[in-house]
S.K.: 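Take a look at this one; I'll ask things after.
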Amino acid sequence: MTTAAAFAQEQRPWEELWSQLSTAEDMDSEGWEDTYEMLTDLEENPLDINSATREQLEQLPFLNDQQVEDIQEYIYRYGGMKTTGELAMIPSIDYTTRCLLTHFIVCGEKKVSKKLDWNKVLRYGRHEVVATANIPFYERRGDKEAYLGYQYRHSLRYRFSYRDQLKVGLLGAQDAGEPFFANRNGAGYDFYSFYAEAHRLGCLKTLVVGRYRAAFGMGLVMGNSFSSGKLSVLSNLGSQAYGLRAHTSRSVARYLQGAAATVEVAKGLEVSAYASWRKIDATLSGDSGIATIRTDGYHRTQTEMDKKNNASQTAAGAHVGYRLGGLRLGATAAYTAYDRPLQPDTAMRYRRYYAMGDHFWNAGIDYGYVNHLFTLHGETATGDGGALATINMVSITPSSDLTVTALYRFYGKKYHAQHAQSLSEGSRVQNESGAYLGAQWRPVRNLRLTAYSDYAWFPAATYQAQVSSQAWDNLLQAQYDGKKFSWNARYRVKLREEDNNGGDALITRTTHRARLGGAYTSGSWRWGAQGDWAYSMAEEKSLGWMVSANTSYSHQWLRMTASMGYFDTDNSNSRVYGYEQGVLYSYAFRSYSGEGIYGSVAARADVGPLMFIAHLSYTHYFDRDHISSGWQQINSSSKTDLELQVRWRF
């Protein structure tokens with residue numbers, strides 16, 4: 001079996017490549033964190049590209065439908081890939097996408113039995129145990145006065161896998177401040193997740209049991225997997241993660257619990273069905289309805305613990321999909337019910353059209369067509385009250401070096417879908433109309449120019465605007481990826497209407513962001529530097545900037561990284577963002593405001609079946625004597641964290 005280890009040492013880490021396909025808003029969201037965890041898991045347990053199903057390849061958020069089609073056509077025509085270098089023979093896969101893809105695939109045997117041989121499963125299956133702990137060298141206010149548990153964050157993961165055909169796992173996770181084997185956590189961890197996933201079992205293409213995620217069409221009815229950001233739309237041409245997959249993350253939001261399956265009824269015709277029942281966290285209204293559904297997963301104080309699992313959600317649905325060549329047609333139906341009625345506080349204007357009641361239904365049709373000249377995707381859906389939502393996208397590829405994408409979306413203000421997730425300027429598939437135009441051009445090899453402009457209009461009140469408002473988002477990026485030298489330049493300007501300080505009129509907040517970074521790789525060493533700048537204008541002006549540098553060393557069983565930076569911002573409106581590489585499955589994308597410095601060092605050692613990682617991070621502020629506020633307040637101008645991780649494979 002061929003791996004990409006040697007290639008990975010020469011190229012930049014996939015985290016950096018992936019971050020260049022996302023904007024700050026994408027990274028500062030739970031959806032991006034879930035995508036990151038999924039990719040980390042896939043890096044550690046890569047797909048066999050010669051036997052992977054279309055649905056498994058579609059889970060990779062940087063591949064579009066045409067690239068998936070071309071990969072499978074190449075494997076069919078030439079009997080499989082011997083090495084990942086053969087990806088260069090597929091014209092639709094550019095250099096950056098090849099760099100990303102090689103981190104998540106291996107080249108094994110093309111022919112894989114559609115029937116599991118349990119003797120081989122037990123003999124050749126692989127066990128994996130990962131233990132992670134975060135040790136803070138400081139004390140929060142809540143650690144002394146309110147939190148029910150100690151200040152350490154830790155988790156334990158177990159996984160059994162056989163090729164990419166079967167995986168079974170159990171995850172236990174604990175946030176800092178949550179009780180362990182105490183209070184309502186008598187079973188130990190605050191959060192447990194079990195999953196089992198199987199592929200290619202005859203006509204049963206996919207089976208998931210336990211906790212899982214589902215996504216169909218463009219996500220207007222069922223899209224509780226990750227979704228594309230505005231920048232990555234130009235890489236995956238609007239294609240969504242499609243089908244069913246196990247929920248392997250410690251995220252407590254959007255997953256389903258029960259069972260789901262995809263069956264191939266006839267050639268090109270598939271039927272997927274799911275059923276789910278789960279407990280959810282909720283803030284209750286005065287008459288025991290659900291005022292808000294909580295998705296942060298924190299149970300540190302008694303107030304948070306009292307909201308744990310105090311409501312339940314039942315969900316069921318199905319999707320019928322048909323493929324013929326490049327044509328895709330589908331229909332989705334979904335039903336969701338709660339044991340308590342949803343009763344949002346509609347006195348707040350932006351919640352006026354939030355879903356109310358205890359049961360909801362949605363139905364939609366999705367459609368698409370792919371060939372070498374253009375790609376079409378779309379979905380139209382409705383639900384309770386007859387409200388409408390639709391999203392439609394077309395991409396034209398006049399040459400292998402140029403792609404132009406146009407997208408239109410309309411999400412009615414009365415449209416409700418409990419599991420919807422799709423491209424939007426706001427945080428909901430509701431109360432928004434928008435038009436998007438973008439282009440991606442490769443004028444020379446290894447250089448990619450990307451630009452988009454997105455206009456959105458909100459007919460009803462939103463969180464920071466009490467009347468109808470609008471937003472306009474624009475981005476221009478240049479990215480060069482060479483074997484030794486790479487650089488990236490990005491400029492973004494965003495205009496959005498919001499309430500003024502008095503709350504009696506709308507003003508326009510204009511935010512400029514720019515980034516320039518470069519990296520050089522020589523043998524086992526890599527050096528990088530980056531500059532970030534932010535400028536926000538509304539009733540007041542705010543300026544922020546940051547300079548940072550990083551280096552890494554990789555040789556055989558040892559990998560080491562170090563990074564440091566200086567930031568200076570007037571306030572949070574001009575905050576800047578930085579990424580640091582830490583332990584596996586750890587979300588290490590941070591925002592900085594104020595004036596200060598940060599630094600981190602990490603080391604990873606792979607010794608036989610064991611892997612050890614240590615990651616030490618430090619942040620110091622020059623403009624304050626405490627960090628954060630409320631129960632999270634640290635009465636110091638600096639903080640230090642140590643993350644430790646051990647993995648055992650056998």
Side-chain angles (χ1 to χ4, degrees), residues 6-24 26-27 36 62 94-103 229 231-232 234-235 401 440-452 475-493 512-535 543-555 559-569 574-582 588-592 597-602 617:
F7 189 93
Q9 290 181 7
E10 293 179 6
Q11 304 301 332
R12 292 177 295 161
W14 69 263
E15 295 97 326
E16 183 180 348
L17 290 168
W18 171 240
S19 71
Q20 291 173 6
L21 300 179
S22 306
T23 58
D26 297 329
M27 294 181 181
Y36 174 82
F62 50 83
D94 61 87
Y95 180 80
T96 303
T97 304
R98 293 201 305 273
C99 292
L100 271 168
L101 191 55
T102 52
H103 291 280
L231 187 57
S232 57
L234 295 173
S235 297
D401 297 325
Q440 193 170 92
W441 180 39
R442 285 183 291 165
V444 296
R445 184 177 181 271
N446 299 347
L447 176 63
R448 177 189 297 193
L449 302 179
T450 304
Y452 74 71
L475 180 140
L476 176 64
Q477 176 173 281
Q479 179 180 332
Y480 176 83
D481 296 299
K483 288 187 176 181
K484 290 187 175 293
F485 178 71
S486 61
W487 59 267
N488 176 273
R490 176 186 297 183
Y491 171 70
R492 185 183 188 189
V493 57
H512 301 265
R513 293 189 178 277
R515 170 179 295 173
L516 178 62
Y520 178 76
T521 302
S522 177
S524 298
W525 286 93
R526 177 186 176 277
W527 296 270
Q530 181 172 292
D532 290 89
W533 174 82
Y535 183 60
L543 175 66
W545 59 277
M546 179 173 71
V547 290
S548 58
N550 60 80
T551 185
S552 63
Y553 173 80
S554 177
H555 181 67
R559 305 180 198 178
M560 296 185 295
T561 62
S563 63
M564 62 180 299
Y566 171 83
F567 56 91
D568 187 2
T569 78
S574 57
R575 61 188 176 275
V576 289
Y577 297 86
Y579 172 80
E580 54 185 68
Q581 189 173 4
F589 186 80
R590 314 184 194 283
S591 63
Y592 299 95
I597 58 173
Y598 75 87
S600 72
V601 292
S617 61

S.K.: So, for S522 and W527, which heavy atoms are closest and what is the spacing to 0.1 Å?
M.R.: CB-CZ3, 4.2 Å

S.K.: Give, for atom CD of Q479 and atom CG of L449, the distance between the pair rounded to the nearest 0.5 Å.
M.R.: 10.0 Å

S.K.: Distance-only, no hydrogens or angles: does the T102 side chain make a donor-acceptor pair with backbone N or O of R98 under 3.5 Å?
M.R.: yes

S.K.: For the pair Y566 and W545, evaluate ring pair (Phe, Tyr, Trp, His ring centres under 6.0 Å) and give the outcome as yes or no after the intermediate values.
M.R.: CA-CA 8 Å; Y566 171 83; W545 59 277; 5.3 Å; yes

S.K.: Within a strict 4.5 Å, meaning less than it, do heavy atoms of the Y452 and Q440 side chains meet?
M.R.: no

S.K.: Mind telling me whether W487 and Y480 have parallel, tilted or perpendicular rings, with 30° and 60° as the class edges?
M.R.: parallel

S.K.: For the CD1 atom of I597 and the CG atom of D568, what is their distance to the nearest 0.5 Å?
M.R.: 13.0 Å

S.K.: From R559 CZ over to S524 OG, what is the distance, rounded to the nearest 0.5 angstrom?
M.R.: 11.5 Å

S.K.: Output yes when a side-chain donor or acceptor of S591 lies under 3.5 Å from a complementary backbone atom of R575, and no otherwise.
M.R.: no

S.K.: Which heavy-atom pair separates R513 from A534 by the least distance, and what is that distance?
M.R.: NH1-CB, 3.6 Å

S.K.: So, for Y577 and Y592, is the gap between ring centers shorter than 6.0 Å?
M.R.: no

S.K.: Has S574 got a side-chain atom pairing as donor or acceptor with L543's backbone, closer than 3.5 angstrom?
M.R.: yes

S.K.: Using side-chain heavy atoms (C-beta onward) and a distance below 4.5 Å, is F62 in contact with L101?
M.R.: yes

S.K.: Is there side-chain contact between R490 and L476, with at least one heavy-atom pair below 4.5 Å?
M.R.: no

S.K.: Between Y491 and R515, does a side chain to side chain contact (heavy atoms under 4.5 Å, CB included) hold up when you go through it step by step?
M.R.: CA-CA 7 Å; Y491 171 70; R515 170 179 295 173; over 6 Å; no

S.K.: Rounded to the nearest 0.5 Å, what separation is found between the CG atom of L447 and the CG atom of D401?
M.R.: 10.5 Å

S.K.: Taking side chain as C-beta onward, heavy atoms only, is Y520 less than 4.5 Å from S486?
M.R.: no

S.K.: From R526 CZ over to T551 OG1, what is the distance, rounded to the nearest 0.5 angstrom?
M.R.: 8.5 Å

S.K.: Would a 4.5 Å heavy-atom cut-off, applied to side chains only, mark T561 and N550 as touching?
M.R.: no

S.K.: To check you understand the geometry: which heavy-atom pair defines the closest contact between N446 and G482, and what is its length?
M.R.: ND2-CA, 4.2 Å

S.K.: Strictly by modelled atom types, are S600 and S563 linked by a side-chain donor-acceptor pair under 3.5 Å?
M.R.: yes

S.K.: Rounded to the nearest 0.5 Å, what separation is found between the OH atom of Y535 and the NE2 atom of H512?
M.R.: 7.5 Å

S.K.: Which heavy atom in R448 sits nearest to a heavy atom in T97, and how many Å separate them?
M.R.: NH2-OG1, 3.8 Å

